[in-house]
Amino acid sequence: MSAIIHEHDDHHHGPAAGITRWLFTTNHKDIGTLYLWLSLIMFFVGGVMALLVRTELFQPGLQFMSPDFFNQMTTNHGLIMIFGAVMPAFVGLANWMVPMMIGAPDMALPRLNNLSFWILPFAFMMMISTLFMEAGGPNFGWTFYAPLSTTYAPDTVTFFVFAVHMMGASSIMGAINIIVTILNMRAPGMTLMRMPLFIWTWLITAYLLLAVMPVLAGAVTMVLFDVHFGTSFFNAGGGGDPVMFQHIFWFFGHPEVYILILPAFGIISQIIPTFARKPLFGYQSMVYAVASIAILSFIVWAHHMFTVGMPIAGQLFFMYTTMLIAVPTGVKVFNWIATMWRGSMTFETPMLFSIAFVVLFTIGGFSGLMLAITPADFQYHDTYFVVAHFHYVLVPGAVFAIIAGVYYWLPKWCGHMYDETLGKLHFWLSFIGVNITFFPQHFSGLAGMPRRIPDYALQFADFNMLSSIGSYIFGFSQLLFLFIVVKAIRGGIAAGERTWDGAHGLEWTLPSPPPYHSFTHPPRVTEAEAHS
Amino acid sequence: MQQMFSPRHLFTTIPLAMLGFALPGAGFADELNLPVGVTDISRDIYDLHMLILWVCVAIGVIVFGAMAISIVAHRRSRGYKAKQFHDNLTLEIVWTIIPFIVLVALAAPSTVVLLRMYDTGGEDLTIEVRGYQWKWQYKYLDDDRNETVSFFSSLATPRDEISNQSVKGQYYLLEVDKPLVIPTDRKVRFLVTAEDVIHAWWVPDFGIKRDAVPGHLNDMWTIVEEPGVYRGQCTELCGKDHGFMPIVVNAVPPDEFNTWYGEQLELADARKAALSKTFSEEELMVEGERVYNAFCVSCHLPTGAGIPPIYPSLIGTSVVTGPRDEHLKLVIDGVPGTSMQSFANQLDAAQLAAVVHYERHAWGNNAGDVTQPRDVIALSE
Ligand code: HEM
Ligand SMILES: [Cu+2]
Ligand SMILES: [Cu+2]
């Protein structure tokens with residue numbers, strides 16, 4: 001190993017000095033780090049908005065903010081968490097891990113990589129700046145249904161449109177880079193069916209991004225035209241149709257929710273085998289399941305629109321296809337459990353988060369299945385039941401997987417172990433907080449509480465208070481996460497090459513921290529070392 | 001409440017409790033689950049909901065059970081050595097096929113219920129429901145009487161309850177100034193649409209919810225058996241007061257409904273007569289305040305101060321002190337490109353006259369003129 005590092009030092013220089021290292025970097029690790037820090041900052045910004053929302057909802061009555069500001073908070077919370085926290089975190093993990101897991105020196109398109117990151121801070125600054133403008137920021141929900149986002153939108157909607165354009169452009173560039181890297185830069189012997197699951201899920205996710213980000217760009221462009229150039233794409237008065245907006249949006253939106261979960265599946269599929277000390281059960285069926293979920297995700301979009309007034313044939317089609325998605329999703333859960341079965345498990349922080357992921361994501365899958373039943377969805381739709389559903393799949397789903405991934409790979413990145421005791425404390429606080437926050441929302445939804453309201457009838461008071469208390473527990477325990485990460489970066493026990501005794505995969509053959517250019521000489525990949 | 005201990009409720013609360021939530025007391029039971037409702041459809045939905053909930057609980061018990069056993073038994077701290085198996089085609093096929101069969105078994109009854117919901121036609125009465133920012137309009141489509149019965153229904157909860165200055169009533173945010181009235185045991189058809197943005201009309205006890213979309217007429221129906229007052233809310237984000245446009249439906253026996261309907265026809269005639277009347281200033285102020293509180297207050301506030309810059313103040317401004325006809329025109333036509341809508345189709349000449357007179361003489365304004373219905377009529381001609 002040291003020979004490799006030596007040689008690389010002869011050819012290249014390491015990172016540039018000072019701020020230019022970060023501004024002009026084309027290095028996959030530096031860019032990965034930038035993505036991850038941006039993501040963490042956005043997670044806290046979006047989190048503060050969520051806590052403001054929960055504070056207003058602590059009790060019935062309006063206490064702290066106007067209904068319009070409340071709507072701005074829910075809207076920006078959703079947009080920031082999806083586009084600012086979860087997606088950049090996955091891209092950051094991909095940047096760090098893809099070259100190291102497939103045996104490549106760096107990403108295939110390093111300059112594009114730099115550009116795709118540096119667009120993002122400006123996109124978010126632009127979007128968040130609207131909150132300080134006179135007309136106020138976006139207040140029409142992250143789904144920005146027309147005509148609330150066109151004819152009836154605040155003037156700042158133009159900034160929102162361009163911010164979304166920039167986020168989309170960044171995602172498309174990131175996706176291209178990941179596809180090109182995975183398809184062209186694998187080390188000899190790393191055949192497609194030997195690729196680690198994280199690589200597989202990201203490859204498929206990247207194709208989803210390429211397919212649907214342009215659709216989102218089309219939707220916001222039509223919004224822009226309706227607002228400024230007198231078109232009537234979504235204006236019934238001019239011959240347009242607000243329902244068409246929803247079809248276009250959800251044609252993007254449903255695959256988008258899988259963009260938010262497939263890389264999480266990948267992370268979990270890396271971690272569970274490591275701590276069960278047993279190979280991933282059903283590798284092939286895991287790959288096929290992810291592929292079929294991705295394909296099915298294109299033909300289920302109107303399950304978000306059951307109440308919009310579709311003909312019965314449409315309702316039935318979308319009900320059946322949505323139910324069908326539960327099959328490959330179930331296969332994944334069964335395989336994770338079969339991987340744990342008769343393993344020799346230990347429960348370090350990454351494993352704790354992964355186990356919680358499997359359980360709580362499955363609960364989100366159950367409520368998804370309930371929502372798929374069209375007649376029942378008439379009762380659930382646009383209530384807190386839906387809020388509970390998607391938070392179960394996104395918070396203890398996507399976010400827990402990201403946190404698990406960070407604990408799992410952080411020692412590799414910085415060369416030091418994190419503080420295991422604090423890590424476990426962070427896990428238990430998060431686990432308890434998340435359930436107190438979101439489980440009661442199933443009940444308030446079933447009891448009839450609509451979503452996106454700043455004030456509510458008295459029978460919902462108990463569950464809302466509980467939910468708010470949970471959100472403070474969850475929210476503030478993330479500061480502990482920040483502390484643990486910073487502490488590990490600054491020092492700690494040396495992590496060693498193969499940090500976890502059960503870990504397999506090329507990334508564990510590199511020193512910790514790994515050299516600036518991961519594999520300058522392609523390793524030879526055998527079946528055993530390819531994936532866990 | 002009397003049904004607390006019926007089998008249906010036991011059926012309900014057990015799986016919910018099993019899902020991991022301790023019941024804080026029996027009084028909570030009604031809040032934990034979907035209401036059974038009062039129509040065939042709502043009961044069908046409830047049964048579907050319970051069916052799938054039980055299926056999920058059963059799957060959960062198996063899946064989480066296996067996981068729990070594994071977590072307890074297969075841990076290194078107990079000295080368990082890992083087996084190295086990693087594939088089993090039979091198992092993969094089994095856990096693909098069995099869920100598929102379960103799903104088909106769920107899809108079948110769901111399809112039946114959905115078909116029943118789409119069984120429109122044969123209605124006894126049709127009501128158009130139209131969403132506005134932020135109120136509902138109900139219009140009884142009655143060919144004989146030229147659709148004369150039509151009214152708005154908006155939030156009746158006093159503002160000081162919302163701002164926590166007085167104690168909240170039992171039906172806080174779920175009460176309206178004028179509820180929709182429908183007959184029991186009759187098939188009532190709703191045509192749902194909207195004037196501005198998308199809203200959604202939902203009464204949980206009926207098991208019906210439909211989006212109100214501008215330019216669309218969505219169809220749904222209900223047959224309510226039990227007389228009673230049923231409450232719901234708008235369920236599509238429609239702007240700032242989305243949380244403040246409840247739905248209240250009063251279901252009454254057919255006889256009572258006919259009496260009520262007769263009264264509405266008379267009221268409509270009286271309102272028509274009002275168009276040619278001359279009102280005293282006091283009468284104008286009283287009616288004007290009523291109209292203002294139902295139609296204008298959500299943006300311009302009870303004090304007339306508005307929320308500048310988006311919702312302008314009405315105190316001492318050029319509009320309320322300037323020429324009366326300009327003021328009238330502004331209310332009738334609205335201001336395009338802003339949220340000041342056109343009230344031409346929402347208010348009749350008598351209401352427009354009253355509300356404009358009120359705005360010109362309330363909150364210290366004193367234009368010193370009088371606006372009568374005939375002034376409004378003259379202006380629109
Ligand atoms: C078994 C798998 C799933 C099924 C059957 C399912 C089904 C559904 C359905 C039918 C809705 C619409 C509910 C309504 O608005 O009435 C919905 C909403 C949603 N789902 Fe899922 N879902 C599944 C998994 C996921 C996953 C994995 C994610 C993301 C990680 C996700 C994220 C969302 C989001 C964000 C919404 C709400 C969007 C909004 O209206 O703001 N779901 N789901
Ligand atoms: Cu979806
Ligand atoms: Cu609404």
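Numbered from 1 within each chain, the chains take letters A, B, ... in sequence-line order. Every heavy atom of this structure was used, including side-chain atoms; hydrogens, water molecules and symmetry mates were not.
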*Asks:* Is it the side chain or the backbone of A:Asn71 that comes within 4.5 Å of chain B heavy atoms, both, or neither?
*Replies:*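 Only the side chain of A:Asn71 comes within 4.5 Å of chain B.
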*Asks:* Out of A:Thr150, A:Ile453, A:Asn235, which one racks up the most heavy-atom pairs below 4.5 Å with chain B?
*Replies:*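 Among the listed options, the one with the most contacts to chain B is A:Ile453.
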*Asks:* Shorter than 4.5 Å, heavy atoms on both sides: which option in A:Ala326, A:Ala376, A:Gly445, A:Pro242 has the most such pairs with chain B?
*Replies:*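 Answer, by heavy-atom pair count under 4.5 Å with chain B: A:Pro242.
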*Asks:* Based on non-hydrogen pairs under 4.5 Å, which of B:Gly243, B:Ser110, B:Gly215 is most in contact with chain A?
*Replies:*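 Heavy-atom pairs under 4.5 Å are most numerous for B:Ser110.
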*Asks:* With a 4.5 angstrom heavy-atom cut-off, is it the side chain or the backbone of A:Ser367 that approaches chain B, or both, or neither?
*Replies:*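 Neither part.
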*Asks:* When you measure from the side chain of B:Lys168 to the backbone of A:Leu458, do you find a donor-acceptor pair of N or O atoms at a distance under 3.5 Å?
*Replies:*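 No; judged by distance alone, with no hydrogens or angles, the pair does not exist.
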*Asks:* Measure A:Pro311 against the heavy atoms of chain B and call it side chain, backbone, both or neither at under 4.5 Å.
*Replies:*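 It is the backbone, since no side chain atom gets that close.
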*Asks:* Is it the side chain or the backbone of A:Phe347 that comes within 4.5 Å of chain B heavy atoms, both, or neither?
*Replies:*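 Only the side chain of A:Phe347 comes within 4.5 Å of chain B.
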*Asks:* Do A:Pro147 and B:Asp196 come within less than 4.5 Å of each other through their side chains, counting heavy atoms only?
*Replies:*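 Sidechains of B:Asp196 and A:Pro147: no contact.
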*Asks:* Given a strict heavy-atom distance threshold of 4.5 Å, which part of A:Gln246 is in contact with chain B: side chain, backbone, both, or neither?
*Replies:*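 Side chain of A:Gln246 only, per the 4.5 Å heavy-atom cut-off to chain B.
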*Asks:* Measuring from atom CD1 of A:Ile325 to atom CG of B:Leu103, what distance do you get when rounded to the nearest 0.5 angstrom?
*Replies:*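 Those atoms lie 11.5 Å apart.
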*Asks:* With only heavy atoms counted, which part of A:Asn335 is less than 4.5 Å from chain B, the side chain, the backbone, both or neither?
*Replies:*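 When you check distances to chain B, atoms from both the backbone and side chain of A:Asn335 fall under 4.5 Å.
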*Asks:* Please identify, among B:Gly60, B:Gly37, B:Ala82, B:Gly239, the residue contributing the most non-hydrogen atom pairs under 4.5 Å to chain A.
*Replies:*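 Heavy-atom pair counts peak at B:Ala82.
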*Asks:* Could you have a look at A:Pro67, A:Gly330, A:Ala135, A:Pro328 and say which one has the most heavy-atom pairs with chain B under 4.5 angstrom?
*Replies:*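 Among the listed options, the one with the most contacts to chain B is A:Pro67.
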*Asks:* Which region of A:Met351, side chain (C-beta onward) or backbone (N, CA, C, O), has a non-hydrogen atom less than 4.5 Å from a non-hydrogen atom of chain B, or is it both or neither?
*Replies:*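 The answer is neither part of A:Met351.
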*Asks:* A:Pro375 versus chain B, heavy atoms under 4.5 Å apart: side chain, backbone, both or neither?
*Replies:*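 Both backbone and side chain of A:Pro375 come within 4.5 Å of chain B.
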*Asks:* Just so I understand: if I count every heavy-atom pair under 4.5 Å between each of B:Trp95, B:Phe85, B:Tyr118 and chain A, which residue has the most?
*Replies:*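 That would be B:Trp95.
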*Asks:* Between A:Met319 and chain B, with a heavy-atom cut-off of 4.5 Å, which part of the residue counts as in contact: side chain, backbone, both or neither?
*Replies:*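 For A:Met319, side-chain heavy atoms alone lie under 4.5 Å from chain B.
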*Asks:* So for A:Ala146, is it side chain, backbone, both, or neither that comes closer than 4.5 Å to the heavy atoms of chain B?
*Replies:*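 Interface part for A:Ala146: backbone (N, CA, C, O).
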*Asks:* Contact part of A:His381 toward chain B, heavy-atom cut-off under 4.5 Å: side chain, backbone, both or neither?
*Replies:*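 When you check distances to chain B, atoms from both the backbone and side chain of A:His381 fall under 4.5 Å.
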*Asks:* Among A:Gln63, A:Met305, A:Arg451, who wins on heavy-atom pairs under 4.5 Å with chain B?
*Replies:*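 Ranked by heavy-atom pairs under 4.5 Å with chain B, first place is A:Gln63.
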*Asks:* Between B:Ala107, B:Pro99, B:Cys234, who has the most heavy-atom pairs with chain A when the cutoff is under 4.5 Å?
*Replies:*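 Answer, by heavy-atom pair count under 4.5 Å with chain A: B:Ala107.
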